[in-house]
There are 2 protein chains.
Amino acid sequence: MLERPKRADARRNHDRILAAAQVAVARDGADASLEEIARQAGVGSATLHRHFPSRLALLEAVFLDRVETLCSQARELAADPDPGAALVTWLRAIGAYAANVRGLAASLLRSACELDHAERSVTCHGKVSDAGEELLSRARQAGAVRPDVSVGDLLTLVNALSLATERHPDPCAETDRLLLLALEGIGP
Amino acid sequence: MLERPKRADARRNHDRILAAAQVAVARDGADASLEEIARQAGVGSATLHRHFPSRLALLEAVFLDRVETLCSQARELAADPDPGAALVTWLRAIGAYAANVRGLAASLLRSACELDHAERSVTCHGKVSDAGEELLSRARQAGAVRPDVSVGDLLTLVNALSLATERHPDPCAETDRLLLLALEGIGP
DNA sequence: GGATAAGTGGGGTGGCACCCCATTTTGGTC
DNA sequence: GACCAAAATGGGGTGCCACCCCACTTATCC
């Protein structure tokens with residue numbers, strides 16, 4: 001578990017790659033070209049692959065700060081007097097993020113499935129899951145949510161909708177509309 | 001609008017490509033290699049690209065018979081005495097298909113967004129949409145469904161969930177579970 | 001059976017992910 | 001400031017892919 005300090009140039013390249021990746025992912029989504037990112041960052045493609053051994057690893061890093069924001073928002077909402085509404089607010093916030101930031105949804109979904117349990121807690125999905133746990137248990141205690149619903153279910157739902165509406169003219173509005181529909185059910 | 005009859009060898013190649021594509025998509029999902037499909041079909045890649053100008057066109061063709069099955073199922077269910085239950089049954093059937101046939105969900109979703117209105121009615125999405133319209137309107141009249149829900153909304157929901165659970169150990173069960181959750185809402 | 005239009009596929013282009021290894025850069029040490 | 005071992009780099013290689021061009025083959029109709 002010893003973390004040797006990285007060399008200065010390594011850290012500099014790491015940051016450059018991350019900055020370029022942020023731009024590229026915002027423009028092209030999660031399947032942006034890694035070569036292009038390396039080119040924009042002014043590094044060789046081998047360097048990119050050394051710093052981020054997989055596409056998923058790079059995406060996780062790109063979305064880390066956004067995810068932190070969502071987590072801190074969850075902690076604030078945990079104090080809300082209406083736990084049911086707080087949960088819905090938070091899920092809509094995730095939907096808004098994911099719909100705006102093309103690729104975040106795919107990243108969250110895949111990291112949920114392709115990693116084993118030990119790694120999961122340090123990934124985007126794991127962080128968001130942990131943050132939502134308290135919001136959900138409060139909402140459940142308040143009787144606003146069925147007891148058989150898990151945080152994972154809700155996140156899958158939000159991410160699925162963001163992913164599905166990625167090509168819609170107004171992904172954000174569409175995600176939000178369908179999310180509310182799914183949370184309330186289709187009955188009158 | 002004159003359709004010249006195709007040459008016999010052209011039709012033969014068309015069918016071979018389709019058969020190979022069915023196998024490949026079942027194994028690798030919607031992003032199967034087109035070159036590989038051409039190779040298995042015993043034709044040059046140019047021939048594949050001439051018969052199916054885009055990946056989506058090929059996928060649409062691959063899924064056509066499955067989609068026809070779903071459409072006829074919708075027509076049968078339209079006679080069901082409980083329109084609400086019939087609609088749910090049909091949506092679950094779509095979920096089961098889409099979860100089993102990797103790539104169908106993505107195909108349906110994309111064809112919904114990337115084509116203009118004139119083309120849409122001949123695509124998989126268009127066919128399924130049309131078939132669901134009567135089921136939905138009956139369910140609505142029976143008061144089982146909110147009036148602001150469209151067939152497109154429901155299909156997007158099902159497809160989104162199939163797509164999101166594609167990497168799950170048991171995609172079919174997971175899709176079904178989440179679909180029922182979304183249809184009923186998260187409240188108790 | 002021969003004209004002709006339809007159809008074919010080998011091979012080219014350009015792009016991609018990912019990897020190897022000779023070379024450069026860094027940070028600590030004297 | 002010079003030196004050296006370890007860390008880091010990136011040019012270039014491999015093998016894959018989608019997609020396209022055009023000289024050639026083949027079916028069809030008379």
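Order of the sequence lines fixes the chain letters, A, B, ..., with proteins taken first and strands second; residue numbering starts at 1 for each chain.
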Gap between atoms [atom1] and [atom2], on [X] and [N] respectively (whole Å):
X       : N      : atom1 : atom2 : result
A/His51 : C/dC18 : NE2   : P     : 16 Å
A/Leu58 : C/dA17 : CG    : P     : 11 Å
B/Ile17 : D/dC19 : CD1   : C1'   : 14 Å
B/Leu56 : D/dC19 : CG    : P     : 12 Å
A/Leu48 : C/dC16 : CG    : P     : 13 Å

So, using side-chain hydrogen bond (donor to acceptor under 3.5 Å, both in side chains) as the criterion, who are the partners of [X] when residues are at least two apart?
X        : answer
A/Gln22  : none
A/Arg140 : none
B/Thr156 : none

Just wondering, are more than 12 heavy atoms of other shown residues or ligands nearer than 6.0 Å to CZ in A/Arg11?
no
Does B/Val88 have any side chain to side chain contact (heavy atoms under 4.5 Å, CB included) partners at least two apart in sequence or in another chain, and if so, which?
B/Arg92, B/Leu180, B/Leu183
Residues that B/Val101 engages under side chain to side chain contact (heavy atoms under 4.5 Å, CB included), provided they are two or more places apart
B/Phe63, B/Arg66, B/Leu104
Taking OP1 and OP2 of D/dA8, is either one under 4.0 Å from a side-chain nitrogen or oxygen of A/Asn13?
no
Between A/His49 and D/dG10, is there a side-chain N or O to OP1/OP2 distance below 4.0 Å?
no
Under a 4.0 Å heavy-atom cutoff, the residues of residues 21-45 of chain B touching DNA chain C are B/Val43, B/Gly44, B/Ser45
Provide the full list of salt bridge (Lys or Arg N to Asp or Glu O under 4.0 Å) pairs with a residue in residues 30-39 of chain B, sequence neighbours left out, each pair given once.
B/Glu36-B/Arg39
Which donor-acceptor pairs under 3.5 Å do the side chains of residues 73-86 of chain B make with protein atoms, sequence neighbours left out?
unit_1: B/Asp80; atom_1: OD1; unit_2: B/Asp82; atom_2: N; d: 2.8
unit_1: B/Asp82; atom_1: OD1; unit_2: B/Gly84; atom_2: N; d: 3.2
unit_1: B/Asp82; atom_1: OD1; unit_2: B/Ala85; atom_2: N; d: 3.2

Per-nucleotide protein contact string for nucleotides 20-30 of chain C, where B marks a base within reach and S marks sugar-phosphate only (heavy atoms under 4.0 Å, - for neither)
B----BSS---
